[in-house]
There are 2 protein chains.
Amino acid sequence: MRQNEHAVRRSRGRPPIRSDEETRHLILEAASLEFRTNGYASTTMAAVGQRAGVSTKTMYRLIPTKADLFKSMCSERIGRFMLAIDETKVGTLALEAALERILGAYGTLALDGEVIAITRLVTSESDRFPELGSAFYEGAFRRTREAIEGWLRRQCDRGLIALDDPGVAADMLRGMMVMEPQRAVMLGQRPAPDADEIAARARMCANLFLNGCRRDRTVAGSSPA
Amino acid sequence: MRQNEHAVRRSRGRPPIRSDEETRHLILEAASLEFRTNGYASTTMAAVGQRAGVSTKTMYRLIPTKADLFKSMCSERIGRFMLAIDETKVGTLALEAALERILGAYGTLALDGEVIAITRLVTSESDRFPELGSAFYEGAFRRTREAIEGWLRRQCDRGLIALDDPGVAADMLRGMMVMEPQRAVMLGQRPAPDADEIAARARMCANLFLNGCRRDRTVAGSSPA
DNA sequence: CATTTTAGAAAATAATAGTTTTCCATAAAA
DNA sequence: TTTTATGGAAAACTATTATTTTCTAAAATG
C-alpha cells in the first residue's frame with residue numbers, strides 16, 4: 001500500500017504546475033473580468049484564456065463550454081451577495097440609527113461596482129440562462145429582502161412602527177436606497193458612489209421612511225370619508 | 001415644368017411597393033421584437049428581415065448596419081417614453097391622492113412590459129452603445145424625475161411637505177415604486193404587474209412617503225444629543 | 001537515459017452571421 | 001411592346017469564434 005485513498009501522486013510523468021482547483025480559480029477570475037467588461041457574447045474564450053494565462057486546452061479540460069464558464073462564474077459571485085444584519089451591532093441603536101446602519105450595509109453591498117456589474121450581466125443574460133436569473137433573484141435579491149423585512153417586523157412587534165406588509169416595505173426601502181444610483185452606473189452615467197455618499201443616502205432614506213415628509217401631522221388613515 | 005420640387009414620379013420603371021418610410025417602420029417594428037426577445041448579439045439580420053417581410057437588400061438600403069438598426073429602434077422607443085410622462089392631471093386633488101396618481105402614472109409607464117424590455121436592452125448594451133445609455137438616462141429617466149421633482153417642489157413651497165432635496169426625494173419615490181417589480185420581471189421571475197397591482201403599490205408608496213411608518217410621532221431632528 | 005504525463009502554442013474544424021452581389025419576375029411608362 | 005426601375009430569393013464572400021487536435025518542451029520517475 002504505497003498509495004493513500006486519493007490525491008497522492010502515484011504516476012510518473014510531469015506533475016501539474018498547479019492544482020486544478022487553482023487553475024479553475026484563475027480562469028473564473030479572468031472570466032469575471034472579461035464578462036463584466038464585454039458582456040457574454042462579446043467575450044471570447046481566447047481572451048479569457050489569455051488573461052488567465054492558461055491554454056485553451058487546459059481551460060476546456062476544466063470547464064467544458066462557454067456557457068458553463070459563465071454560469072460558474074456568476075454562481076460563485078452570487079453566493080457572495082448576502083446582506084448580513086448583525087443584530088448585536090444594531091440591536092442597541094435607536095430606531096432611526098439602526099435603520100440607517102442597515103441601509104448603509106445594504107447600499108454598500110448593492111452599490112459596489114463589481115456587484116452592479118454582475119447584476120447587470122445576470123439581468124442581461126437571464127433569457128439565455130434562466131437558472132441564473134432565478135439564482136440571483138432567490139439567492140441574492142430575496143435574501144437581502146428577508147434580512148430587512150425581519151428587522152422591520154421586529155420593530156412592528158415592538159410597536160415602534162406600523163406597516164401593513166413589512167415585505168413590501170422592505171422592497172420599497174431597497175428601491176429608494178439604490179435604484180437611481182445603480183441605474184446611473186449601469187447606464188454609464190457615473191461611477192459607483194463612495195462610502196460617504198452611501199451613508200448620506202442611508203440617512204435620508206431612514207429619516208424619510210420613518211417620518212415621512214408631510215408637514216401637517218395628520219395620522220395616516222385618520223382622514224374622513 | 002412637368003415635375004414638382006421633389007417626390008414626384010418622373011422615372012419610368014416599376015414604382016415602389018411602399019414608401020421607404022413605411023418599409024423602415026416595418027423593419028423597426030420587427031427589430032424591436034427580435035432585439036427585445038433575443039438581445040442584441042443573438043438577433044440576426046436575417047430574422048429581422050424575415051419578420052418584417054423585407055429582403056436583406058432592401059433592409060440594407062434603408063439601414064446600413066446592424067448597429068444602426070439597433071440604435072434607430074431604441075431611439076424611436078425612448079422618444080415615446082418621454083411623451084407618455086408629461087403632465088398627469090393632478091390639479092385639484094388632495095396631497096396624498098395627487099401623489100398617488102403621479103406614482104400610478106409613473107408605475108404604469110415604468111412597469112409596462114415593453115418598456116421594461118427596452119430598459120433592460122439599453123442597459124445591457126450601454127457599453128457597446130454609450131449614446132443610447134445617455135439618451136435613455138437623459139431622455140427618459142431624467143424626465144420622469146423632473147416631473148416628480150417639480151411637483152414635490154411645489155408642495156414644499158406650499159408648505160405641505162418638507163424636503164431637503166426634492167430631486168433626490170423624487171428618485172427615492174421612483175425607486176420605492178418600481179425597483180422590485182421591475183427587477184423581478186427583468187429576471188424572468190414574474191410577468192409585468194397589472195393596473196390593480198400598480199395602483200395598490202402607488203397607494204402604499206404615497207402613504208409611506210408622506211406619513212412615514214413611525215408610531216411615536218417624534219418630529220424628525222428634534223431628538224436630543 | 002527512457003518513459004510518461006502535463007500543459008502551452010498554434011493549427012485545424014465548423015458553424016454562424018453580417019454584408020454584398022447576382023439573378024429575375026414584375027409593373028409602370030413611353 | 002420595349003425600356004427601365006423595384007425589390008424579393010438566394011448565393012457568395014468574409015470574419016469571427018467556439019471547440020478540437022496536433023505538436024512539443026518540460027519534468028518527474030525508475
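Please read all numbers here as calculations on a predicted model, not as lab measurements. Protein chains get the first letters and strands the later ones, always in sequence-line order, with residue 1 at the start of each. Just the heavy atoms: all of them, side chains too, but no hydrogens, waters or symmetry mates, feed the values below.
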Under the criterion ring pair (Phe, Tyr, Trp, His ring centres under 6.0 Å), I'd like the reasoning laid out for B/Y40 against B/F129: C-alpha separation, chi angles, the key distance, then a yes or no. CA-CA 11 Å; B/Y40 181 78; B/F129 303 104; 5.2 Å; yes
A/R77/A/S32 under side-chain hydrogen bond (donor to acceptor under 3.5 Å, both in side chains): CA gap, chis, key distance, verdict: CA-CA 9 Å; A/R77 289 295 197 278; A/S32 169; 3.0 Å; yes
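Under a cutoff of 6.0 Å and an axis angle of 45°, A/R101 and A/Y106 do not form a cation-pi pair.
Atoms CZ (B/R18) and P (D/dA5) sit 20 Å apart, rounded to a whole Å. Atom CD in A/Q50 sits about 14 Å away from atom C1' in D/dT17, given to the nearest Å. Spacing between atom CD1 of B/I17 and atom P of C/dT26 amounts to 12 Å, rounded to whole angstrom units. Atom CE of B/M59 and atom C1' of D/dT6 are 17 Å apart (whole Å). If you take CG of A/D68 and P of D/dA18, they are 14 Å apart, rounded to a whole angstrom. When the C1' atom of C/dT19 is taken as reference, atom CG of B/L69 falls 14 Å away, rounded to whole Å.
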Which letters describe nucleotides 9-16 of chain D, given B = protein heavy atom under 4.0 Å from base, S = only from sugar-phosphate, - = neither? -B------
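Here the side chain of B/R14 is nearest to one of D/dG7, C/dA7, C/dA27, namely C/dA27. Side chain of B/P16, nearest nucleotide from C/dA27, D/dG7, D/dG8: D/dG7. In this structure, of D/dG8, D/dT19, C/dA28, it is D/dT19 that holds the atom nearest to the side chain of A/K66.
By the 6.0 Å contact criterion, CG on A/D164 is open, its count of non-hydrogen atoms from other residues, nucleotides or ligands being 12 or less. In the displayed structure, A/R128 atom CZ is contacted under 6.0 Å by more than 12 heavy atoms of other residues, nucleotides or ligands.
At a threshold of 4.0 Å, the pair B/E197-B/R190 counts as salt-bridged, since one of the basic side-chain nitrogens sits closer than that to a carboxylate oxygen. Ion pair B/D112/B/R80 not flagged as a salt bridge, since none of the NZ, NE, NH1 or NH2 atoms sits closer than 4.0 Å to an Asp/Glu carboxylate oxygen. Using a 4.0 Å cut-off between charged nitrogen and carboxylate oxygen, B/E149 and B/R142 do not count as a salt-bridge pair.
Contact annotation: A/R61 side-chain N/O to D/dT19 OP1/OP2 distance is not under 4.0 Å.
Within residues 24-43 of chain A, the residues having any heavy atom under 4.0 Å from DNA chain D are, by residue number, A/T43.
Applying the side chain to side chain donor-acceptor pair (under 3.5 Å) rule to A/Q50 yields no partners; only residues at least two apart in sequence or on another chain are considered.
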